[in-house]
Amino acid sequence: MQRTLSCAIVGAGSIGGLIDSPNSANIASHAHAFLKHPSCKLVAICEPNSANQNAFIGRWGQMGVYHSLDALLQYETIDLLAIASPTQFHAKALEEALHVKSVQAILCEKPLVATAKELAHIAPMLLSSEKKILIHLMRRYDPSFIKLANDIAAQKWGKAVRFQGVFTKGLLHNGVHMLAVLSHFFGEIENIKSLHVKRLHEDISGDFEVTCKEDRGVLSCMEELPYSAFELTLWFDNGKVEIKEGGSRIESFIKIPSPLYEGYFSLEHEETLPNTLKDYALHSLEFLLQNDDITCKQILQEHINVHTKF
């Protein structure tokens with residue numbers, strides 16, 4: 001019988017546990033994922049904000065509440081740690097967790113760290129650690145996206161021709177999600193060329209020419225939009241795939257003879273994949289627990305490699 005893993009969350013804000021509740025139809029927070037997974041039990045949180053503490057306990061029940069990760073790790077025996085604090089605190093939390101023997105696995109929100117200096121310092125420690133460490137690039141672990149990646153690898157729609165993507169919230173926030181999807185579909189990201197780029201708070205906005213091992217295209221961060229956007233179109237020589245509504249809707253199209261013009265071709269709707277992204281926090285947790293350290297480290301290395309190209 002598999003033993004229950006003692007889990008803790010660093011940062012009891014939105015993604016930690018306030019973006020949904022135990023009765024929500026979606027599983028979007030780490031707290032909800034721990035509640036739903038039969039091998040996990042949420043035993044403690046680290047959260048300095050008293051309002052967040054009270055709101056979190058009100059939703060998810062009584063547990064250990066700590067103002068610092070140092071205190072949490074001193075008084076609790078934690079097997080799995082989810083880091084959902086603001087980005088500027090990630091590096092310190094990661095380094096602390098790496099030195100705690102009981103912590104077997106770490107699930108960290110992106111961006112991994114806040115600065116290039118922090119990345120250079122922490123990356124060798126993460127990659128050499130025997131712990132399982134996974135970046136929460138949610139679409140990378142989603143069943144519909146995994147099916148799509150397998151279909152692309154099998155050349156279901158033929159050879160990849162080009163991709164076009166649009167996102168908001170900056171390259172380091174939403175952009176890295178899109179880059180993770182592209183590297184999953186088309187291999188290592190070999191180059192990112194910045195076009196018309198400008199600073200966006202602590203992030204980067206603009207257009208980016210991206211070259212993967214097996215495809216290339218242009219991504220645009222549109223900070224002017226008054227709403228969240230994440231849309232990606234993948235063009236193949238025998239079809240097209242559209243990823244819309246943040247990835248909640250994935251549609252494929254196949255090439256058919258034109259009904260109007262002899263010798264020409266058009267596209268016809270083929271399939272709409274099931275919306276499995278609604279349970280993304282649970283899928284990320286399951287991926288972490290089901291896959292080995294080597295697989296998790298490969299994804300971590302991909303993410304670190306992408307950051308070095310910014």
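Computed from heavy atoms alone, side chains included, the values below leave out hydrogens, waters and symmetry copies.
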Heavy-atom donor-acceptor pair, [X] side chain to [Y] backbone, under 3.5 Å:
| X | Y | result |
| --- | --- | --- |
| Glu47 | Asn49 | yes |
| Lys198 | Ile204 | no |
| Asn275 | Arg249 | no |
| Asn191 | Thr211 | no |
| Ser102 | Thr77 | no |
| Ser24 | Ser21 | yes |
| Trp60 | Gly17 | yes |
| Asp20 | Ala28 | yes |
| His196 | Gly206 | no |
| Ser194 | Val197 | no |

Sequence-distant partners of Lys110, side chain to side chain donor-acceptor pair (under 3.5 Å), two or more places apart:
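Side chain to side chain donor-acceptor pair (under 3.5 Å) check on Lys110 returns nothing, list empty.
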With sequence neighbours left out, what residues match Asn238 under side chain to side chain donor-acceptor pair (under 3.5 Å)?
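Scan of Asn238 (side chain to side chain donor-acceptor pair (under 3.5 Å), adjacent residues dropped) gives Lys255.
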Are Asp292 and Lys132 ion-paired here, with the side-chain N under 4.0 Å from a carboxylate O?
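Salt bridge: no.
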Using 4.0 Å as the upper bound for N to carboxylate O, is an ion pair formed by Glu268 and Lys240?
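Here Lys240 does not pair with Glu268 in a salt bridge, since their nearest N and O are not under 4.0 Å apart.
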Quick one: sort the [X] and [Y] rings into parallel, tilted or perpendicular, breaks at 30° and 60°.
| X | Y | result |
| --- | --- | --- |
| Tyr280 | His136 | tilted |
| Phe186 | Phe236 | tilted |
| His303 | His307 | perpendicular |

Do the side chains of Leu126 and Leu300 get nearer than 4.5 Å, heavy atoms only?
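Yes; the side chains approach each other to less than 4.5 Å.
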Would [X] and [Y] count as having a side-chain donor-acceptor pair, cut-off 3.5 Å?
| X | Y | value |
| --- | --- | --- |
| Glu76 | Tyr66 | yes |
| Gln301 | Asn305 | yes |
| Ser266 | Ser258 | no |
| His30 | Glu109 | yes |

Does [atom1] in [X] sit with more than 12 non-hydrogen atoms of other residues, nucleotides or ligands closer than 6.0 Å?
| X | atom1 | result |
| --- | --- | --- |
| Arg216 | CZ | no |
| Glu224 | CD | yes |
| Lys92 | NZ | no |
| Met125 | CE | yes |

Step-by-step ring-ring contact (aromatic ring centres under 6.0 Å, His included) determination, Phe253 to His269:
CA-CA 4 Å; Phe253 301 79; His269 185 266; 5.3 Å; yes
Ile250 vs Val241, test: side chain to side chain contact (heavy atoms under 4.5 Å, CB included). Steps then yes/no.
CA-CA 7 Å; Ile250 303 175; Val241 173; 4.0 Å; yes
Can you name the closest pair of heavy atoms from [X] and [Y] and give their distance?
| X | Y | value |
| --- | --- | --- |
| Thr168 | Tyr227 | CG2-O, 3.6 Å |
| Leu112 | His90 | O-CB, 3.0 Å |
| Cys40 | Thr4 | C-CG2, 4.0 Å |
| Ser129 | Asp293 | O-OD1, 4.3 Å |
| Ala229 | Asn174 | O-ND2, 3.7 Å |
| Arg59 | Ile19 | NH1-N, 4.2 Å |

Distance, nearest 0.5 Å, that separates [atom1] of [X] from [atom2] of [Y]:
| X | Y | atom1 | atom2 | result |
| --- | --- | --- | --- | --- |
| Cys212 | Ile189 | SG | CD1 | 5.0 Å |
| Phe287 | Leu137 | CZ | CG | 10.5 Å |
| Cys296 | Asn291 | SG | CG | 6.0 Å |
| His67 | Leu72 | NE2 | CG | 12.5 Å |

In this structure, which one of Lys101, Lys131, Arg3, Lys41 forms a salt bridge (charged side-chain N to carboxylate O under 4.0 Å, His left out) with Asp79?
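The salt bridge (charged side-chain N to carboxylate O under 4.0 Å, His left out) with Asp79 is passed solely by Arg3 among Lys101, Lys131, Arg3, Lys41.
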Take Glu302 and His184 through the test side chain to side chain donor-acceptor pair (under 3.5 Å) and record every step on the way to the result.
CA-CA 10 Å; Glu302 288 176 14; His184 189 196; over 6 Å; no
Under the side chain to side chain donor-acceptor pair (under 3.5 Å) criterion, do Thr233 and Gln164 qualify, and how do the steps go?
CA-CA 5 Å; Thr233 301; Gln164 298 167 306; 5.2 Å; no
Supply the members, apart from Leu260, of the Ile/Leu/Val/Met/Phe/Trp/Tyr cluster built from side-chain contacts under 4.5 Å; use none for a lone residue.
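Tyr261, Tyr264, which link up through side-chain heavy atoms under 4.5 Å apart, make up the rest of the cluster.
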